[in-house]
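These notes are about the structure you will find just below.
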Amino acid sequence: MEAVIVVLVALAMAWAADQLSGRRGVGIASLVALTGAACGAFLALRVFDVAPLESWGWAVWSWVGAIAALVAFLLFRSKR
């Protein structure tokens with residue numbers, strides 16, 4: 001159940017980032033957010049081992065990863 005909520009929140013973050021940036025590339029923003037969420041979950045579960053899969057700790061790491069990926073994407077993308 002947590003995984004579904006993580007994906008839905010990451011997609012909502014991607015939609016919000018797309019709306020705030022004034023672009024209409026919600027597909028690319030979704031890909032970036034989901035990739036960041038997967039990286040955040042991997043860091044929490046495997047690399048740092050700070051949260052078990054049964055808790056919500058990895059979900060928070062996942063959302064932070066999605067936010068970090070979206071911020072980096074919006075800052076460093078090509079603006080041609």
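Grouping the Ile, Leu, Val, Met, Phe, Trp and Tyr side chains by contacts below 4.5 angstrom, directly or via other members, places Leu70 with Leu75. There is a path of hydrophobic side-chain contacts, each under 4.5 Å, that joins Ile28 to Ile67. The same ILVMFWY cluster, assembled from side-chain heavy atoms under 4.5 Å apart, contains both Phe76 and Val32. Following chains of ILVMFWY side-chain contacts shorter than 4.5 Å, one cannot reach Val50 starting from Leu45, and the two form parts of different hydrophobic clusters.
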Distance-only donor-acceptor hits, side chain of residues 3-19, under 3.5 Å, sequence neighbours excluded:
| unit_1 | atom_1 | unit_2 | atom_2 | d |
| --- | --- | --- | --- | --- |
| Asp18 | OD1 | Gly25 | N | 3.0 |
| Gln19 | OE1 | Arg24 | NH1 | 3.2 |

Sequence neighbours excluded and cut-off under 3.5 Å, please list the side-chain donor-acceptor pairs for residues 51-60, or say none.
| unit_1 | atom_1 | unit_2 | atom_2 | d |
| --- | --- | --- | --- | --- |
| Ser55 | OG | Pro52 | O | 3.2 |
| Ser55 | OG | Gly57 | N | 3.3 |
| Trp58 | NE1 | Leu53 | O | 3.1 |
| Trp58 | NE1 | Ser55 | O | 3.1 |

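Screening residues 30-52 for side-chain hydrogen bond (donor to acceptor under 3.5 Å, both in side chains), with sequence neighbours left out, gives no hits.
A distance of 5.0 Å separates CH2 in Trp61 from CZ in Phe48, rounded to the nearest 0.5 Å.
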Inset, instruction - Report the C-alpha distance between Arg77 and Ser21 in whole Å, list the side-chain angles of each, state the deciding distance to 0.1 Å, and finish with yes or no for side chain to side chain contact (heavy atoms under 4.5 Å, CB included). - result: CA-CA 12 Å; Arg77 70 172 182 231; Ser21 68; 4.3 Å; yes
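Taking all atoms of both residues into account, the shortest heavy-atom contact from Ala37 to Ser62 is O-OG, 3.0 Å.
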